Structures are given as C-alpha cells and as structure tokens.
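I have placed the structure first, in the form of structure tokens, so that the comments after it can refer back to it.
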Amino acid sequence: MCLGIPGRIVEVYPEEHVAVIETFGVRQRVSTFLIGEVEVGEYVMVHAGYAIEKIDVEEARERLKLWEEILKYADMGETERPGDRT
C-alpha cells in the first residue's frame with residue numbers, strides 16, 4: 001500500500017529541486033524533481049520523500065483531516081473503524 005501525505009511548502013531551493021514542507025508541525029525536505037517549480041505556500045502530496053503532485057488548499061485540508069482520523073484511531077490501538085461495528 002502506498003501512502004502519501006500532504007504538506008505545505010515553507011522553503012524552496014529550486015537549484016537543488018528541493019523544498020521544505022510542513023505537516024502536523026513537522027518539517028521535512030522533499031524532492032520536487034517530479035513536479036517542477038513550486039512556491040512557498042503551495043500544497044503538495046508527498047510519497048517516499050518526493051513531491052508527486054500539487055494539490056489545492058481544499059484538497060489538502062480534506063486529506064489532512066483523513067490523516068488526523070487515521071492517527072486518532074492508531075493512537076487508540078483500534079483495529080476496527082467506527083463504521084465496521086454492527
């Protein structure tokens with residue numbers, strides 16, 4: 001299974017094809033080689049250290065909300081999703 005996580009670009013180093021993204025307060029350097037030019041404030045989807053697509057703010061918010069839900073249940077040690085219970 002491949003998982004991507006959205007991040008907001010906070011720094012750009014175009015000569016290195018690198019940007020620094022922030023997600024949930026954590027900053028990480030990622031390669032922008034696959035998507036070309038990026039700007040501070042844009043959102044990108046990141047997988048395995050590579051920005052793989054630009055996404056708009058609304059889509060980033062929706063995906064981050066899903067991640068928050070996933071992490072909430074992971075912290076609780078839940079193995080079932082709430083909708084799985086009958």
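Note that the coordinates shown come from a computational prediction; the quantities given were computed from them, not determined experimentally. The figures here come from the full heavy-atom set of this structure, side chains too, leaving out hydrogens, waters and symmetry mates.
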Is it the case that one hydrophobic cluster holds both Val26 and Ile21, taking links as side-chain heavy atoms less than 4.5 Å apart, direct or via other members?
-> no
Glu62: what forms a salt bridge (charged side-chain N to carboxylate O under 4.0 Å, His left out) with it, not counting sequence neighbours?
-> none
Here the gap from Glu68 atom CD to Lys72 atom NZ, rounded to the nearest 0.5 Å, amounts to 9.5 Å
Shortest non-hydrogen contact between Ala51 and Leu34, atoms and distance = O-CB, 3.8 Å
Name all residues meeting the side chain to side chain contact (heavy atoms under 4.5 Å, CB included) criterion together with Arg29; count only those two or more places apart in sequence or in a different chain, and write none if there are none.
-> Tyr13, Glu16, Val18, Val20
To the nearest 0.5 Å, tell me how far Glu42 CD sits from Lys54 NZ.
-> 4.5 Å
Under the ring-ring contact (aromatic ring centres under 6.0 Å, His included) rule, collect the residues that match up with Tyr50, sequence neighbours excluded.
-> none
Taking His47 for the side chain and Leu3 for the main chain, is one N or O donor matched with an acceptor at less than 3.5 Å?
-> yes
With sequence neighbours left out, what residues match Glu59 under side chain to side chain donor-acceptor pair (under 3.5 Å)?
-> Arg63
With Ile70 via side chain to side chain contact (heavy atoms under 4.5 Å, CB included) - residues at least two apart | Trp67
Sorted by first residue and then second, give each salt bridge (charged side-chain N to carboxylate O under 4.0 Å, His left out) pair with at least one member in residues 3-14; sequence neighbours left out.
-> Glu11-Arg27
Could you state whether Val10 and Val46 fall into the same hydrophobic cluster, counting links through intermediate Ile, Leu, Val, Met, Phe, Trp or Tyr residues with side-chain heavy atoms under 4.5 angstrom apart?
-> no
Counterpart residues, side chain to side chain contact (heavy atoms under 4.5 Å, CB included), relative to Leu64 (two or more places apart) = Pro6, Thr23, Phe24
Partner set under side chain to side chain contact (heavy atoms under 4.5 Å, CB included) for Phe33, not counting sequence neighbours | His17, Ser31
What's the spacing between Asp56 CG and Arg61 CZ if we round to 0.5 Å?
-> 9.5 Å
CD1 on Ile9 to CD on Glu39, rounded to 0.5 Å | 9.0 Å
Cluster check Leu66, Ile52: I/L/V/M/F/W/Y, side chain < 4.5 angstrom | no
Going from OH on Tyr43 to CD on Glu22, what distance comes out if it is rounded to the nearest 0.5 angstrom?
-> 9.0 Å
